[in-house]
Amino acid sequence: MPALQTQVSFVNAWECDENDHLNVQFYFGRFEEADQHFRTMTGLDPALVRSARHVRYHAELRKGELVEVESGFAGDGGDGMAVVHVLKNLSDGRICATALDTFDAHVRELTAIATRVGAAVDVPPRLYQPRGITGPLPEAISIEALRARGGFVTARSVIRPADTGADGVATERAHVGHVSDGASNVWETIGVTKALLDAQGWGRVAVEMRMVLFDAYAPGDLVEQVSGLLDATDRTIHFRHHQYEARTGRLVAIVDALGLAMSLTTRKAVRFPDDVIAAAPRLTGAAA
């Protein structure tokens, strides 16, 4: 059986950001909806908890464009099974993003369902396997330890009922919304400032993300996001965002993000100034 169509939608103007394309949080929102449809279609237990969701962004989506997501089973890059969601431009079939959902503690259950249902994605693994964000999943760290290693606050906000799903916990779209907003603070802190971007005619974009959930936010919870730079090259910057509940210090999520600067004219990646990358402060110790 081929992959299943699990989400169909349209890019609204209000979902687009300062770079005039669909903001990353709405990619995650569509994958979140696709996941629910896929579980219903295949009988995959809604309570089965993922280890991580790894998203790669391949092409921009602009206002007015039609979108669909196709979902299916695929190898996880090792000996196990995963679920892959492929977000496409419905008009021309172009792949715009992929999401690799891994279930390390539930490989047996996932493999059994994949064998019975047979829905498989037909895109090559090179499009959904991790590329710039690799290695083991991040471990929990306290907010105090993270600050001691150079982490700094990039978002403070409150979870509203509108940020949650039918289960009463914050959606992944809400998590990535905080990452999207907080990323600008990280860029600014490491020297890739708005003034620099405006002078060069550049924008700041994400090309890859990995989300690991440790807990959940509920309405009224206070979000405190502490972030830092893990690594950088002449073209990419690897951030890590830790999301805590501010009253209790409870770790809720860790989101890795690989970003780059692009020309807003050519829509192509550009090189960062060497002096900026050399001087950028990085997280130290085990957090990195």
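The structure displayed is predicted, hence computed values, not measured ones. Along the sequence shown, residues carry numbers from 1.
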Counting distance only, does the side-chain N/O of [X] pair as donor-acceptor with the main-chain N or O of [Y] below 3.5 Å?
X	Y	answer
T115	T111	yes
S227	T154	no
R94	H58	no
T40	Q36	yes

In terms of hydrophobic clustering (I, L, V, M, F, W, Y; side-chain heavy atoms under 4.5 Å; direct or indirect links), are V83 and V69 co-clustered?
no
Grouping I, L, V, M, F, W and Y whenever their side-chain heavy atoms are under 4.5 Å apart, do L146 and V212 come out in a common cluster?
yes
For [X], ring pair (Phe, Tyr, Trp, His ring centres under 6.0 Å) partners two or more places apart:
X	result
Y27	Y57
Y244	none
F272	W187
F28	none

What's the separation between atom [atom1] in [X] and atom [atom2] in [Y], rounded to the nearest 0.5 Å?
X	Y	atom1	atom2	value
L230	I133	CG	CD1	9.0 Å
M81	D101	CE	CG	13.5 Å
R204	L196	CZ	CG	9.5 Å
E65	L22	CD	CG	9.5 Å
S91	L66	OG	CG	4.5 Å

Would you name the heavy atoms of [X] and [Y] that are closest together and state the gap between them?
X	Y	answer
G151	V226	C-CG1, 3.5 Å
G150	L283	C-CD2, 3.7 Å
F103	V49	CD2-O, 3.6 Å
A105	S51	N-OG, 4.3 Å
G228	F152	CA-CE2, 4.2 Å
T164	P161	OG1-O, 2.8 Å

Side chain to side chain contact (heavy atoms under 4.5 Å, CB included) filter on A246, not counting sequence neighbours, yields L222, E224
Could you tell me whether the side chain of [Y] reaches within less than 4.5 Å of the side chain of [X], counting heavy atoms only?
X	Y	value
V223	V252	no
E245	L251	no
C16	V11	yes
M209	V179	yes
V153	Q225	no
V158	D221	no
H106	D45	no
I237	F239	yes

Salt bridge between [X] and [Y], side-chain N to carboxylate O under 4.0 Å?
X	Y	value
E172	R53	yes
E70	K88	yes
D163	R173	no

Of all pairs that satisfy ring-ring contact (aromatic ring centres under 6.0 Å, His included), the ones with a partner from [range], not counting sequence neighbours:
range	result
residues 189-226	H175-Y217
residues 113-140	none
residues 32-56	F38-F73

With a cut-off of 3.5 Å and sequence neighbours excluded, list every side-chain donor-acceptor pair involving residues 254-268.
{"unit_1": "D256", "atom_1": "OD1", "unit_2": "H238", "atom_2": "NE2", "d": "2.8"}
{"unit_1": "D256", "atom_1": "OD1", "unit_2": "R240", "atom_2": "NE", "d": "2.9"}
{"unit_1": "D256", "atom_1": "OD1", "unit_2": "R240", "atom_2": "NH2", "d": "3.2"}
{"unit_1": "D256", "atom_1": "OD2", "unit_2": "R210", "atom_2": "NH2", "d": "3.4"}
{"unit_1": "D256", "atom_1": "OD2", "unit_2": "R240", "atom_2": "NE", "d": "3.3"}
{"unit_1": "D256", "atom_1": "OD2", "unit_2": "R240", "atom_2": "NH2", "d": "3.4"}
{"unit_1": "S263", "atom_1": "OG", "unit_2": "T265", "atom_2": "N", "d": "3.2"}
{"unit_1": "S263", "atom_1": "OG", "unit_2": "T266", "atom_2": "N", "d": "3.1"}
{"unit_1": "S263", "atom_1": "OG", "unit_2": "T266", "atom_2": "OG1", "d": "3.3"}
{"unit_1": "T266", "atom_1": "OG1", "unit_2": "K268", "atom_2": "N", "d": "3.2"}
{"unit_1": "R267", "atom_1": "NE", "unit_2": "E60", "atom_2": "OE1", "d": "3.1"}
{"unit_1": "R267", "atom_1": "NE", "unit_2": "E60", "atom_2": "OE2", "d": "3.3"}
{"unit_1": "R267", "atom_1": "NH1", "unit_2": "L264", "atom_2": "O", "d": "3.4"}
{"unit_1": "R267", "atom_1": "NH2", "unit_2": "N19", "atom_2": "O", "d": "2.8"}
{"unit_1": "R267", "atom_1": "NH2", "unit_2": "E60", "atom_2": "OE2", "d": "2.5"}

Start with the C-alpha gap between V8 and V67, add the side-chain angles, then the distance that decides, and say whether side-chain contact (heavy atoms from CB on, under 4.5 Å) holds.
CA-CA 6 Å; V8 179; V67 175; over 6 Å; no
Salt bridge (charged side-chain N to carboxylate O under 4.0 Å, His left out): pairs with one or both residues in residues 5-19, sequence neighbours excluded
E15-R30
Are more than 12 heavy atoms, taken from residues, nucleotides or ligands other than R126, located less than 6.0 Å from that residue's CZ atom?
no
Are there more than 12 heavy atoms of other residues, nucleotides or ligands under 6.0 Å from atom CZ of R62?
yes
R56 vs L100, side-chain contact (heavy atoms from CB on, under 4.5 Å): CA-CA, chis, key distance, verdict:
CA-CA 9 Å; R56 289 180 56 191; L100 174 69; over 6 Å; no
Does the side chain to side chain donor-acceptor pair (under 3.5 Å) test come out yes or no for Q7 and S9, once each step is laid out?
CA-CA 7 Å; Q7 207 267 357; S9 56; 3.0 Å; yes
Decide yes or no on side-chain contact (heavy atoms from CB on, under 4.5 Å) for T98 and L87, but give the supporting numbers first.
CA-CA 6 Å; T98 57; L87 190 151; over 6 Å; no
For the residue pair Q25 / S180, report whether a side-chain donor-acceptor contact shorter than 3.5 Å exists.
no
Worked check of side chain to side chain donor-acceptor pair (under 3.5 Å) between H85 and T6:
CA-CA 9 Å; H85 307 283; T6 51; 4.7 Å; no
Could you work out the complete set of other residues in the hydrophobic cluster of V169, with links drawn between I, L, V, M, F, W and Y side chains under 4.5 Å apart?
none
Can you list the residues that meet the salt bridge (charged side-chain N to carboxylate O under 4.0 Å, His left out) rule with D275, with sequence neighbours excluded?
none
Should S71 and V84 be marked as a side-chain contact (heavy atoms from CB on, under 4.5 Å) after you check the CA-CA gap, both sets of side-chain angles, and the distance that decides it?
CA-CA 6 Å; S71 306; V84 173; over 6 Å; no
